[in-house]
Amino acid sequence: MQVAPLSITAYNTHRLDLKLYCSQKRSVNSKMLDIWPALPTIIYVQGMQSKEDVTRLMTALRQHNQVCKISYCNGQFQDSFLKEFVAIDKPFLALTTLKLFFSFGKEVPVLPDSFLGGSAPCLRSLDLNGISYPSIGKLLSSTTNLVRLSLWDIPHSRYIAPKMIVPCLSMLPRLKSLFLGFRYPQSWAHQTS
Amino acid sequence: MTYLEDILSLIETPMLTKSYFCFFNQLVFDTPIIGHFICHMETFTTFHRACMEFFSWAVVVTLLGQEVMADDNRETLRLEISCKPLDWQLSALAQVLNSFLYSLLALEAVKIAVSCEDWQGEIEVIQWQEFLQLFIFAKKVTLVHKDSVWLVVPALQELARERATEVLPALQNLFLWTYGWQPSGPLKEAIGQLITTQQLHSHSLTVQYWDNNSRKYI
């Protein structure tokens, strides 16, 4: 996470860029978010170093109706983050972009049926990497504006059956890009290395 | 593979313009549904250009439509097969391409780049000959890196000698993109024989080298 508590920048007469950064040094607590105006929130996470970072991140995520973009790529604390994130079983009505990149671990992270409250009607881009989401159909039934769907590094043991995902794809009239990728089997990697 | 075939058998994608398939290590590629899928896509019915890159870990083929403008890659099919060594890659690629052979009939330009460093002695000329038969209407063949020249030219020479122009009857240009390196000794001799044999059968063949200084073929 970046440093700086609050920055307001006037780029031109038409746009006011308002940013709220959370960091270890200058923490922004939930009280500040309580008075934060109901503007779209972009959450970009990389390089989290402590559990406190997870707490701050969750504070922002709990404003679920304001969150419009989430980009998470962080090896550390991914389990504790995911546990808390999936516990928010409310719909993310303003969410347009969701990227979750999880690194290889002993246990494959699994997203539950209630993820994002099962509804993200504004979602245009969904990237899940290294995560299993067997009940993705429920979410996709609400994402009629989806343009990009990427399910990458899917573990073989947790794949989504074609008969389950294909009917969901047919309900996505704006879909332009589809990426489906499986994790390279470890046994084969050993054979060829 | 089964998963991919199941997906493809269930979907229709009339608007598809780009597709990328990546296959893991396997010995036999029996891919009728993939072949059917590609052949029945209007976008992929006819490919005009093919680029095959042999890396130490995989072989990648990129098939493109007709080049309207420079770097025009609007209609692209890319296939990657993760396997090694080189003879396995060649065999796997031939099997996959054979499943949609009809779409390769209009291929005019073929580029082959072998970047494996450990190919020596592991592949027979006949295997390249069989592979090259897939590109029967190729007018232009480009060999990138000197390894590609070492591997493909003897196969072409053998083909020209044994079966005259049966295998690549349309071949007119052979480009060697070898970064300043030029064949010598037996390889140079083989290229000369290839040109002579083609001429004997009333097929002129031009061989050009990439010149680093002028940045064009000479």
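Note that this is a predicted model, so its numbers are computed, not measured. Just so it is clear, the values below take in all heavy atoms, side chains as well, and ignore hydrogens, waters and symmetry mates. Proteins get letters first, then strands, A, B, ... in listed order; numbering begins at 1 in each.
With respect to chain A, the highest number of heavy-atom pairs below 4.5 Å among Leu10(B), Leu4(B), Asp6(B), Thr13(B) belongs to Leu10(B).
Taking 4.5 Å as the limit, every side-chain heavy atom of His145(B) sits out of range of all side-chain heavy atoms of Trp177(B).
With a 4.5 Å cut-off on non-hydrogen atoms, Leu178(A) does not touch chain B at all. Of the two parts of Lys163(A), the backbone and the side chain both hold a non-hydrogen atom closer than 4.5 Å to a non-hydrogen atom of chain B. For chain B, no part of Phe179(A) is nearby; none of its heavy atoms comes within less than 4.5 Å.
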Q) What do the steps show when you test Tyr72(A) against Tyr44(A) for ring pair (Phe, Tyr, Trp, His ring centres under 6.0 Å), and what is the final call? A) CA-CA 6 Å; Tyr72(A) 178 95; Tyr44(A) 176 79; over 10 Å; no
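Taking Phe23(B) as the reference, Phe29(B) meet the ring-ring contact (aromatic ring centres under 6.0 Å, His included) condition, with sequence neighbours excluded.
For Glu80(B) and Tyr20(B), the side-chain atoms include at least one donor-acceptor pair closer than 3.5 Å.
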